[in-house]
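Only one structure is covered here, and it is reproduced in the block below.
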Amino acid sequence: MAAPRVLVVPFGLALVGALGGAARAEVRLPKVLASGMVVQQQSEVAIWGWADPGEAIAVTASWGSEAKTVTGADGRFQVLLATPKAKEQGYQITVRGKNTVVLDDVLAGEVWLCGGQSNMEWAFAYGGVDDAEAERAAARDPFVRLFDVPNVVAAAPKDDCDARWLAATPESVNGFSCVGWFFARELRRELGVPVGLIGVNWGGTVAQAWMRREALATFPRLQPELDWVASEAAAAKGGSDAVTRAWAGYWAALDEKDLGAKNGWAAAKFDDSGWSEVAVPDAFAGIENVDGAVWYRRTFETFPHEWVGQELEVALGAIDDMDQVFFDGKKIGGVEVHGRWNEARTYRIPAELTTPARHVLAVRVVDTGGAGGIAGAEASGGGRAVTIGALANGRASGSSAVVGGWKRRLGCAADGLPSLPNVGGQLHPNVASVLWNGLVAPIVPFGIRGALWYQGESNIGRAAEYLDLMKGLIGDWRAQFRRADFPFLFVQIAPYNYDGSARSAELRQAQLATLAVPNTGMAVTMDIGNPHDIHPGNKQEVGRRLALWALSQTYRKDTGEWSGPLHAGHAVEGDAMRVRFTHAAGLQAKGGPLTDFELCGADGVWHPAQATIDGETVVVRSAKVAAPVDVRFGHADACAPNLFNGAGLPASPFCKITN
């Protein structure tokens, strides 16, 4: 996608003079509002950003909509812009203040969030996806746009993220959610309109990490966690003298041990001819026995003429664990505290340093153990690299990927690193609220149609709490995105051998019960799981089943049945239990007699039962239970029940939640 075009215009210059030469803040938009984005069709979408306090802002779109406002005391502005009916056509959005920002190639279409943990995050690049080679090669559609929010833990809500919109190509789809991509593919086939996907997902994470602090107020168990997060946020905002001194002491001690700090490895004139040559991105654990404080240098013998005299932005991607970055020996930034190994780094090179001469970019990476290195940022055309581009209106334009030409040398081995400061715990992605802060807050209140959600594996064992969490998450996300009823479609967790306790069965029941929340839908995956792999490979069918719900219930398309059979109640009939289902037309048992039904009597002991289909109900009996009082279905971690409806969609398990 092309970068926004920035035009400086004379509007508002009188105000600058009246401020006595005070520094002017140009209009800045969050990265989710950018060229190449998809806006939700036929709605009112938010356009927001920052400029000088009290600055007049006008927003116009080439389809004919416009809106005006004035920034608040904090410099933030927001307007609502009416959007047109979807077309395979690019539009422009222009934001005018004291300067002008033009967003090109904007599409109107359908926009969906793709949230959750690893089964939503899972991409072709991770391996194990069915027919991956052919599917990836065919993943090319200029009217599907992807915006993947990087994984960042934050103690307080962030207002922006380091991501950009990409058209769907084999390269860009390779690292994006497969479930999201296959969902979009179905929508494209049936609706024929542009589709935008926003990825907010992180493997192995709990639901409460994705919720705002305010939305978790009714969960007493989580309050100590939330209080700790608040204290971390306060310390970061106000600065903690003790913490600051502790980390300053760490880096001073490292400088005494690190050959790079002692011998000037950051300087432009340093001779690095004997260093190892590497490509970046680079992971160095286990390579040449490198671990500890590792230096990277990239020399520009001939500085690109388009960068001369320009302020530049360097995007390094995530760095494991800490870093300091230098340009010609002058420090331009760094993350100098532990625990932010998964946070993308973006630093600026001042314009006065970008002269037409030889220059050196140096990065000191400090890894305290295990994997370490520079992950790289999203590069044009897909893939990852260090990227450098000239800044205009706070954004890098015409960024160039800097992959080769790097050199690397160990400055201090891991066993020689100073001890980390003892300044309390570190935030991690399973702390309540931190993923809302780091991944979701930066894109709120972007206009969306709805959300896809695949998560729950990390919450097994607390099914009752999970049901309340899901109700709270759905309601709060709807409120924050300012659409009180947007469709929230989720995936019931697939069969997997957890620990044999069947706790995952109760989690599935919590997900089934979540359907009581209006305008929700659930894709059942009991027939496409893998008991030996928590990341089953058939992501195509998961995306298709989510799309069935959306096409039928959101878009009102006559595509036939959209759900598998869902438990609608049961009643005793003599020595049997009759179970009723919705979505039960054409009930069938695949591959033999029905499996995975159980009955219990007044003693509460469960026994396997025989089940037979009777119209749109199932009758369940057991020779060991003469007077049944309850029935359950699919009550195991890794079972694969064989009850389906006539559309070939599997029935959801059901049981009581006991925890």
Side-chain angles (χ1 to χ4, degrees), residues 456 460-464 466-467 492-516 522 524-532 563-659:
I460 63 169
R462 291 184 176 272
Y466 187 77
L467 175 58
Q492 192 179 60
I493 61 173
Y496 175 68
N497 286 322
Y498 289 95
D499 57 9
S501 67
R503 295 181 302 164
S504 63
E506 296 196 2
L507 194 286
R508 293 187 192 100
Q509 174 61 36
Q511 293 178 309
L512 175 63
T514 301
L515 289 174
M522 182 177 74
V524 178
T525 60
M526 298 305 292
D527 60 324
I528 53 174
N530 183 338
H532 307 296
S563 171
L566 303 176
H567 178 236
H570 52 267
V572 175
E573 291 187 1
D575 64 346
M577 191 76 75
R578 183 178 295 273
V579 184
R580 294 178 289 107
F581 295 91
T582 59
H583 304 280
L587 280 187
Q588 58 180 305
K590 288 192 175 182
L594 287 177
T595 64
D596 295 285
F597 281 91
E598 297 174 86
L599 289 177
C600 76
D603 60 1
V605 178
W606 290 94
H607 297 277
Q610 294 74 49
T612 57
I613 294 171
D614 183 12
E616 295 187 359
T617 67
V618 172
V619 179
V620 187
R621 288 186 172 85
S622 172
K624 295 184 178 180
V625 184
V629 299
D630 204 358
V631 60
R632 66 190 186 190
F633 171 60
H635 193 266
D637 283 338
C639 62
N642 64 344
L643 178 62
F644 292 76
N645 60 19
L649 296 172
S652 168
F654 64 86
C655 64
K656 284 185 177 178
I657 296 175
T658 59
N659 64 359

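- For G574 against P628, the heavy-atom pair with the smallest separation is O-CD, 4.0 Å.
- S652 is not listed as a side-chain neighbour of R508, based on a closest heavy-atom distance of 4.5 Å or more.
- Separating the NE2 atom in H607 from the OG atom in S622 is a distance of 6.5 Å, to the nearest 0.5 Å.
- Between A494 and T525 the shortest heavy-atom distance is CA-OG1, 3.3 Å.
- Here the straight-line distance linking atom CZ of R462 with atom CG of L467 works out to 14.5 Å at 0.5 Å rounding.
- When all heavy atoms are compared, the tightest approach of L599 to V625 is O-CG2, 3.9 Å.
- Under the 3.5 Å distance criterion, the side-chain polar atoms of N497 are matched with a main-chain donor or acceptor of P531.
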Practice item. Could you check E506 against T658 for side-chain contact (heavy atoms from CB on, under 4.5 Å), going step by step and ending with a plain yes or no? Key: CA-CA 8 Å; E506 296 196 2; T658 59; 2.7 Å; yes
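- Using a 4.5 Å heavy-atom cutoff, the side chains of I460 and D499 are not in contact.
- In terms of the side-chain contact (heavy atoms from CB on, under 4.5 Å) criterion, residue partners of D603 (sequence neighbours excluded) are, by chain and number, V605.
- Between the D637 side chain and the G500 main chain, a donor and an acceptor come within less than 3.5 Å of each other.
- With rounding to the nearest 0.5 angstrom, the CD1 atom of I657 is 5.5 Å from the CD atom of Q509.
- Residues P641 and G634 approach most closely at CG-CA, 4.1 Å, considering heavy atoms.
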Practice item. In sequence, state the C-alpha distance, the side-chain angles, and the governing distance for D596 and M526, and then conclude on side-chain contact (heavy atoms from CB on, under 4.5 Å). Key: CA-CA 12 Å; D596 295 285; M526 298 305 292; over 6 Å; no
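- Shortest non-hydrogen contact noted between N645 and S563 is ND2-O, 2.8 Å.
- Within 6.0 Å of NZ on K590 lie more than 12 heavy atoms contributed by other residues, nucleotides or ligands.
- Residues meeting the ring pair (Phe, Tyr, Trp, His ring centres under 6.0 Å) test with H567, sequence neighbours left out: H570, F654.
- How far CZ of R632 is from CE of M577: 12.5 Å, rounded to the nearest 0.5 Å.
- The shortest non-hydrogen separation linking A505 to A636 is CB-N, 3.9 Å.
- Inter-residue side-chain proximity for F644 and D527 is flagged as met; some heavy-atom pair is nearer than 4.5 Å.
- In this structure, N642 and L594 have side chains that are in contact, with non-hydrogen atoms separated by less than 4.5 Å.
- Residues satisfying the ring pair (Phe, Tyr, Trp, His ring centres under 6.0 Å) criterion with Y496, sequence neighbours excluded, are Y498.
- With contacts defined as side-chain heavy-atom distances shorter than 4.5 Å, the pair Q492/P653 qualifies.
- Atom CZ of F597 and atom CG of L643 lie 5.0 Å apart (nearest 0.5 Å).
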**Study point:** Stepwise side-chain contact (heavy atoms from CB on, under 4.5 Å) test for L649 and H583
**Key:** CA-CA 9 Å; L649 296 172; H583 304 280; over 6 Å; no
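- How far CD1 of I493 is from CG of L507: 4.0 Å, rounded to the nearest 0.5 Å.
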